[in-house]
Number of protein chains: 2
Amino acid sequence: MADTPHTGKPLRADARRNRERVLAAAEEVFAEGGPAASTEEVARRAGVAIGTVFRHFPTKEELVQAVFAQRVRQLVDEAETLSTADDAGAAFFAFFVRLTELSIAKHAFADVLAGAGIDVGAIGRTHPQETSHLRAAVSTLLTRAQRAGAVREDVRTPEVLTVMIGIARAAEQTPSDSQVLARVLDIVFDGLRPAR
Amino acid sequence: MADTPHTGKPLRADARRNRERVLAAAEEVFAEGGPAASTEEVARRAGVAIGTVFRHFPTKEELVQAVFAQRVRQLVDEAETLSTADDAGAAFFAFFVRLTELSIAKHAFADVLAGAGIDVGAIGRTHPQETSHLRAAVSTLLTRAQRAGAVREDVRTPEVLTVMIGIARAAEQTPSDSQVLARVLDIVFDGLRPAR
DNA sequence: TGACAAGTCGAGTCGTCACTCATATTTTCG
DNA sequence: CGAAAATATGAGTGACGACTCGACTTGTCA
């Protein structure tokens, strides 16, 4: 499940271990301070010299993208798990809720979605595999929910992704007084359901 | 309508003119590149030395806040104009549409809303006047729309602001292929209307 | 008009950050 | 075990951006 480097050569044992550590540290650091956090901080948290970080990820951009790709994979996992649930409608809406939770926990989480879901942004270019999986997973959730009569027929995947991004972004800075967030979700969900 | 400096002293003629130029240039520059754009660039665009920018806005933060406050004032203006319209429901929804237009045109426009509308963010602290006006204006639009039966009774201002922020943020990076944006607005509007 | 305060100018300071590279260390494998 | 290759280290480099300050210019007002 780890991010495999582009080269086919097998990594030395310590190198593989350090790569994992760096990636994990980056995930933490970026979750707290966003992708603007310094590479130094990532190295410190990983217990590794800064040169090591750059050996594995030659550019800060690549490090950020690797973390984002990991998050996309997590989202896809959750979406795929949900898409086997009995109640397709509930599963679809549950994914939204999960998204807001993750956005609150991780700085710049919405950026992941935005890059992967909508335009040909950075993640879309650097990790086409992951991003197309995400679109596919959301599309499946949506289609199943529509078959179950839980979501309007005229809604398509791009709209859903855009709404998700919006919700995620709003959640990112809504105070944890989530009464408001719950109400917002109610509103959006009502808009997504077939005419009452 | 210009941003008045805190001091009571009247500014010298050239100083007042330069202040305007700097503010206008900053509005442009930040609209294009976001608030991360350099102060140098603002000075260049204003046709002024960098020292002059710092004389009027001793900190980059203050410059950004001044621009944001100006945008909030513009929003309030539009909201107040709309709140005198005959069709209160249409006016309320028109404000959303206007918001997406502005967000597409101006980088970091949603941040303005977010800071002013929701939490006690930077703008809320530095320009309490403007931000409370915005909340009031949106509240008026909402109340009138509800009286007209165009919006669900159980929706409150905080939810509306949060939804607006989400929409604005999503609009900020949706490609100008706005078919999607229009559909998203449809969904949200349906969610805001009374049960069909 | 003259002189002084207010304002402008812009080269320079300081701090931060991504990124490099020569040296030291570790792993691997015959 | 003992190279040789891979990897780690971390002080150093260069670029950039916010902010300063002393010399210079301009507006104001008696």
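Chain identifiers are assigned alphabetically (A, B, ...) following the order of the sequence lines, protein sequences preceding nucleic acid strands; residue numbering begins at 1 within each chain. Treat the numbers as computed from the prediction; the structure is a model and nothing was measured.
Of the two residues near DNA chain D, B:A13 and B:E40, the one whose nearest nucleotide lies more 5' is B:E40. Nearest-nucleotide positions on DNA chain D for B:I50 and A:G51 put A:G51 closer to the 5' end. Toward the 5' end of DNA chain C, the nearer of the two residues A:A36 and B:R16, judged by each one's closest nucleotide, is B:R16.
A sub-4.0 Å separation between OP1 or OP2 of D:dT7 and a side-chain N or O of A:H56 is absent.
Using a cut-off of 4.0 Å between Lys/Arg side-chain N and Asp/Glu carboxylate O, A:R16 and A:E20 are scored as not salt-bridged.
Distance B:N18 CG to D:dT26 P: 12 Å, rounded to the nearest Å. If you measure from atom CG of B:L11 to atom P of D:dT26, you get 19 Å, rounded to the nearest angstrom. Rounded to whole angstrom, the span from the CZ atom of B:F57 across to the P atom of D:dG17 amounts to 20 Å. One atom, CD of B:E62, and another, P of D:dA18, lie 14 Å apart when rounded to the nearest Å. As rounded to whole Å, 10 Å separates atom P of C:dC17 from atom CD of A:E41. Put simply, CG on B:D14 is 7 Å from P on D:dT28, counting in whole angstrom units. Summarising the geometry, the separation between CZ on B:R17 and P on D:dT26 is reported as 11 Å, rounded to the nearest angstrom.
Looking at heavy atoms from C-beta onward, B:F92 lies out of side-chain contact with B:R144 at the 4.5 angstrom threshold.
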| message | Pair B:R44, B:E41 - check salt bridge (Lys or Arg N to Asp or Glu O under 4.0 Å), show working. | response | CA-CA 5 Å; B:R44 201 176 307 129; B:E41 175 64 25; 2.5 Å; yes
| query | Under the salt bridge (Lys or Arg N to Asp or Glu O under 4.0 Å) criterion, do B:D14 and B:R17 qualify, and how do the steps go? | reply | CA-CA 5 Å; B:D14 57 341; B:R17 199 188 18 181; 5.1 Å; no
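In the set D:dT9, C:dT28, D:dA18, the nucleotide with an atom closest to the side chain of A:R12 is C:dT28. Candidate nucleotides C:dC9, D:dA18, C:dT27 were compared by shortest atom distance to the side chain of B:S38, and D:dA18 ranks first. Among the nucleotides D:dT20, C:dT27, C:dA18, the one closest to any side-chain atom of A:F54 is C:dA18. Each of D:dT7, D:dA18, C:dG7 was ranked by its minimum atom distance to the side chain of B:T39; first place goes to D:dA18.
Nucleic acid contact class of A:T52 (heavy atoms, under 4.0 Å, all strands): base.
At most 12 non-hydrogen atoms from other residues, nucleotides or ligands lie less than 6.0 angstrom from CD of A:Q179.
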